[in-house]
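Have a look at the structure below before the remarks.
Any value given below was found using the heavy atoms of this structure, including those in side chains, with hydrogens, waters and symmetry copies removed. Labels below follow one simple rule: chain letters A, B, ... track the order of the sequence lines, proteins then strands, and each chain is numbered from 1.
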Amino acid sequence: MKLYEHMAKDVLRAAGVPVPRGRVCTTPDEAAAAARELGPVAVKAQVLVGGRGKAGGIRLAQTAAEAAQCAEAILTMQIRGQPVRSVLCEERLVIERELYLALAVDPSARRPVLIASAQGGMEIEEVPDRAITRLHLEVPWGLVPFQARQLAQRLELGPSLAAAFADITARLHRVFVERDAELVECNPLAVVPGGLVAADARLNVDDDALWRQRELPRTSEATPLEERVRALGLAFVQLDGDIAVMANGAGITMATVDVLQRYGGRPMNFLDAGGGAAAGPTADALEILLSTHPRAVLVNIFGGITRCDEVARAILTVRERRGLDVPLVVRLVGTNEEEGTALLQQAGIPAFTSMREAAERVVALAGER
Amino acid sequence: MKLYEHMAKDVLRAAGVPVPRGRVCTTPDEAAAAARELGPVAVKAQVLVGGRGKAGGIRLAQTAAEAAQCAEAILTMQIRGQPVRSVLCEERLVIERELYLALAVDPSARRPVLIASAQGGMEIEEVPDRAITRLHLEVPWGLVPFQARQLAQRLELGPSLAAAFADITARLHRVFVERDAELVECNPLAVVPGGLVAADARLNVDDDALWRQRELPRTSEATPLEERVRALGLAFVQLDGDIAVMANGAGITMATVDVLQRYGGRPMNFLDAGGGAAAGPTADALEILLSTHPRAVLVNIFGGITRCDEVARAILTVRERRGLDVPLVVRLVGTNEEEGTALLQQAGIPAFTSMREAAERVVALAGER
Amino acid sequence: MGILVDERTKVVVSGITGRQGRFHTQQMLEFGTRIVAGVSPGHGGEEVGGVPVYETVQAAVDKHGATSAVLFVPAPHVRDAALEAIAAGLSPVVVIAEHVPVHDAMDVVAFAAEHRAVVIGPNTYGLCTPAGRAKLGIPPGRIFSPGPVGVLARSGTLSYEIVAALTEAGLGQSTVVGLGGDRVVGTSFVETLKRFAKDEQTRVLVLVGEIGGSAEEEAAEFVKGLDKPVVAYLAGASAPTGKRMGHAGAIIERGRGTYASKRRALEDAGVHVADLPWEVAPLVREALGRLEETAREG
Amino acid sequence: MGILVDERTKVVVSGITGRQGRFHTQQMLEFGTRIVAGVSPGHGGEEVGGVPVYETVQAAVDKHGATSAVLFVPAPHVRDAALEAIAAGLSPVVVIAEHVPVHDAMDVVAFAAEHRAVVIGPNTYGLCTPAGRAKLGIPPGRIFSPGPVGVLARSGTLSYEIVAALTEAGLGQSTVVGLGGDRVVGTSFVETLKRFAKDEQTRVLVLVGEIGGSAEEEAAEFVKGLDKPVVAYLAGASAPTGKRMGHAGAIIERGRGTYASKRRALEDAGVHVADLPWEVAPLVREALGRLEETAREG
């Protein structure tokens, strides 16, 4: 789960990391009030996607009137498909230098990694590799103070900034651990007269740890449709084709989508019904899929924990509840395969055992209509 | 630093460990008031030494008047030389079983050790070894929940108590780590209707970590004389002989005391002037030693960091300030030995180079007087 | 014979009294796995399908000399249960649960490294050595058959699909290992390839990968020095980008992690990458054929 | 030749710009120790007695190939400085400071174990291999001379006393190791005895112990299987009891830790325990004499 900039900064502020004074505003009036309080401000779109600067989502205002204008403009924008619902009005900083500092999970090293660069401010992907310092932390030791000293030295910060840098690094590390973060990032970590300030901040929290992060606010990037399917406990991503896909397992679902594409079909979604899902949620998910008006539906089940008869029953339930108004192709193998296939055949729904044949069939049907 | 029972219980209570309700009282009147508030109470001497139960330092009172009587009696006691300055009046518990639970530093394993027994209540040294379970913790992992489960199983606590036990163990562990404890102990950890209560508690804090434990109260077992010498930054223990001893280093000071004893002398103290002590504190310490009316004084210096001339100067300073009214034997070898020896000889104080001869001499002088 | 588990593997099932634990204990027993004990706090003294249940893993080890563990405990308890199994000296420790917090996974990995234990998972179906009748985890037993093909995969059902096709084609497996679908897992492709490299039974390898992370690229590096042929299938060719963990993730990966980069890395290392899942078995057969040819010539 | 340090040991002095650091760097250099660099945050670029100062240990290692470290940092900074030296791959790491919090000491010990580094101290004077002109720490250099006696001790000045007496008696030392006076130290008697056992130069051992803890009793156990003679001196025969850490300490020690128990354990293992410090050198001479006799006979 990504937090909005202002939420991330709230967490950092509470952890003692210096952040600019700011106000979250949802109307131009609020932005004007913020500018009256804070003086000249930066008005920053609050979105969960990157690249808002290039999209015009950050504007500078000298006066309250200007702040209102900027907010008005930004609040009507969409940035990479995301509507802007709020802006952060922040005091302007006198920035001498921009650094980059982040803690992230490195899946390959299976450990946290501290990442820093003297070239902050721009997208870190655009910084040349040799200008980036990485320092892996040892689990469960975490950050040891000398590591922050090492980083500060490599960034050539000098003694007084080095101490502030070490302090901020320690605090970011505490946030990283205590908030189950996958990423906590300050870009830029700004050198201002008198010290360092996290001018921008990002905090991505592990979705799997949200149950023990109750104090954190919640955000979502999912579309309303995705939300509905995820509420059933299933993994779902919308694509832009016309063949709805349901399979059981992330890998096989991805592979099913790949196969359709390779056969000239256009998959409409990625729906992983997981292993061992019961008939109820499966039926609900299928119903949602049908409600999106696909040209055809492919259900691809390799039953391990998942029982084929349960899947068949889910399909029959859906047919009973709303009818099947589009071609439905089912591939069923594995646990209780015979029973499942028999149930479907009685209802006149063909069931394939070959994934290949099922894929070919559904692509053909989607084309026929 | 040992904490008084009531202080230890305050720390445990703040950490969420169940402890009995209680009031610290320094007068019989306060004890009566506590009994009026709490009902029947146990009146417990607050001392830093063990064995108060056998010494009559714990009494039970039904009424306020009884509580006052008990407090009166206990507040006039000395327990193993320690005057009782306060009592803890605590609600009486209905105790079904008494367990033992502690976390300590195991110097040999160089790790913390969790110690538990189903035979709590008595002095743990008296519990047979096979009735005690020890479980070492791994650094820096600390306590992992399954370890508390393992302990609970070995104590045969049953599921409902096991959960409470695991919870208390985790909280004690947090105290152990966060309070720089050398020992945190609940004896007994009482099984009462509805759960577990730390009926008695002990918390010994690492002296060397007190600088980062500012919130903890301070206690001392030292005599006033010991306090005066320790205030100079030196290690000092009073013994009951008549030859005052000063040496530099814990090992050599112990050895000097041993040697005197073996030669028939009776050492009066253990004063480790440390390595590299300056003339000022050395003179101050020597002056304090002389003020305790020894029959003779032995100064045994093997100069490494300690400079012999500094020691000689310290002795001359003392002679100037207060005179030397008892025989003083000095053994000086090592750094700047010649200069130090010369200074003393000019002042008519003999300086030996052999520890043996110096020891023989001082024992003889102490006997002569 | 095979890697990591075999007929000598004596298994403790942690979380045996849960719904999943009970069901799969039965399934594993039917396959022939030597399950010697179960663990479930609060259920010590019970039995599940004839398997005695204990309060702690240590008790199960003391009584039955268990060597390995499968964990069916839910995600919030994985850290504790895994550390318990590792501290008791078990290896491999198979973590089935998905949705394990990544910081917990890093703890488990570090603790295992300190104790020289192998962790498989989290978010895995487990592993199986068919000739040893050792199945630790949840895959359907009937898809396996003994043979010379070592399979290592990140995802579950896709593995079943490919393993079932291998079995159907008469291409049995030495060991099939599901490494787990999470970003941080206990055992990598490379570590598993190293084990397969030393296993005499294994003659051909099948690697089932997917987009994200850099495990396949690292595997490709290792494969360059490996003298056993490798066939791969990669899922996610058509997945949209941008469902990633963001910038720092991107700079950790630095251009790796895409289907194209993985495929290129593997092909550069001489791996045959199948376009479609059902092409894997024929490619394996070809590889075995070439091996036999070389053997005849040599 | 000797153990742990020798003429190849290249030393970093951490905390070199402090009063103690400066003074003892000079002393160590005069003895002949190869001090290649110093470390002191905020002082990078300076020099102390010709030794270049860096901000981090890693920089000192990168520039000068340092192999070992001596720490003169004050107690509150010991944990960080020791972990830094260990992480940089240095060993041994000698911790001079006294009053290091015991929880910090346990951290340092655990971190060193993970990295297979040797920590000497805290609260030690250090160690010295006279023949290698390697003195890491604070003992006065003139008390040492090269020879066949390995010395291991807990306390400082008492060691000097005994080592000086050995030197005066013409009994030189292979290595003299001060293990440190704290309850938790990085290296034990047993670990040090194991090293001396394998060292060809060392023919006789001198163990300087004291009351408290059970290190001497554990050493006695090990000495039983050792084929080199051991002479011991123990301080604290007349110390009052009861200055201990309390009950749990007592049950950890379980009757060990007293002068009597230590002396008995050592004597049972065949160790000659001197009653007085100046009896050590004659006992060592006797032991060497017996060794020569055996050699002549053999």
Side-chain angles (χ1 to χ4, degrees), chain A residues 2 50 102-108 110-113 115 123-125 127 129 132 134 138-140 177 180 182-183 185 187 202 204 206-209 211-212 237 239 247-255 257-262 267 270 275-276 302-306 333-335 354-356, chain C residues 20 23-24 75-76 98-107 109-111 125 138-140 143 153-161 164 181 183-186 188 208 210-215 218 233 235-240 242-243 245-254 275-278:
Chain A
K2 295 178 191 167
L103 276 147
V105 173
D106 182 345
S108 166
R110 302 174 234 178
R111 292 190 282 171
V113 60
I115 305 166
E123 299 285 341
I124 190 70
E125 296 95 316
V127 177
D129 210 47
I132 298 174
R134 292 169 187 73
E138 291 187 42
V139 178
V177 172
D180 273 304
E182 296 178 334
L183 169 71
E185 181 183 76
N187 187 21
R202 205 183 275 264
N204 296 359
D206 181 4
D207 287 327
D208 291 333
W211 55 272
R212 62 185 179 197
V237 179
L239 307 174
N248 60 330
I252 199 162
T253 310
M254 264 198 279
V257 168
D258 290 350
V259 166
L260 289 182
Q261 190 114 332
R262 189 162 270 270
F270 168 104
F302 192 105
I305 328 175
T306 307
V333 293
T335 311
S354 153
M355 179 167 165
R356 174 186 198 149
Chain C
Q20 279 226 356
F23 175 75
H24 288 292
E98 53 179 343
H99 300 306
V100 174
V102 70
H103 284 260
D104 289 3
M106 289 193 289
D107 279 356
V109 166
F111 197 75
Y125 55 86
I138 63 174
I143 64 173
R154 281 164 77 182
S155 44
T157 317
L158 181 57
S159 302
Y160 306 168
E161 184 84 41
R183 275 169 308 127
V184 170
V185 292
S188 68
V208 184
E210 60 187 53
I211 52 166
S214 55
E218 288 153 23
Y233 176 76
S238 60
K243 297 281 170 183
M245 67 177 279
H247 294 239
I251 79 146
I252 289 168
E253 292 181 356
R254 280 268 156 189
D275 288 322
L276 293 159
W278 45 86

Of the backbone (N, CA, C, O) and the side chain (C-beta and beyond), which part of [X] lies under 4.5 Å from a heavy atom of chain A, both, or neither?
X	answer
C/Y125	neither
C/A237	both
C/V102	both
C/V208	neither
C/P277	side chain

*Judged by modelled atom types alone, do C/S188 and C/E218 share a side-chain donor-acceptor pair under 3.5 Å?*
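Note: C/S188 and C/E218 side chains miss the donor-acceptor criterion.
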_For the CE atom of A/M355 and the CD1 atom of A/I252, what is their distance to the nearest 0.5 Å?_
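It comes to 5.5 Å.
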*asked:* Check whether A/T335 reaches the backbone of A/G303 with its side chain - one donor and one acceptor, N or O, closer than 3.5 Å.
replied: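 Yes, the answer is positive, given that a donor and an acceptor are paired below the 3.5 Å cut-off.
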Name the member of [options] that forms the most heavy-atom pairs with chain A at distances under 4.5 Å.
options	result
C/Q20, C/R154, C/H99, C/E98	C/H99
C/V109, C/V100, C/I211	C/V100
C/P101, C/S155, C/G186	C/P101

Shortest non-hydrogen contact from [X] toward [Y]:
X	Y	result
C/L158	A/A255	CD1-CB, 3.7 Å
A/F302	A/N248	O-ND2, 3.0 Å
C/Y160	C/I138	OH-CG1, 3.9 Å
A/P267	A/L239	O-CB, 3.6 Å

*Side chain from CB out, backbone as N, CA, C, O: work out which of these in A/R262 comes under 4.5 Å of a heavy atom of chain C, or both, or neither.*
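Just the side chain, heavy atoms under 4.5 Å.
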*Side chain from CB out, backbone as N, CA, C, O: work out which of these in A/D180 comes under 4.5 Å of a heavy atom of chain C, or both, or neither.*
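Both backbone and side chain.
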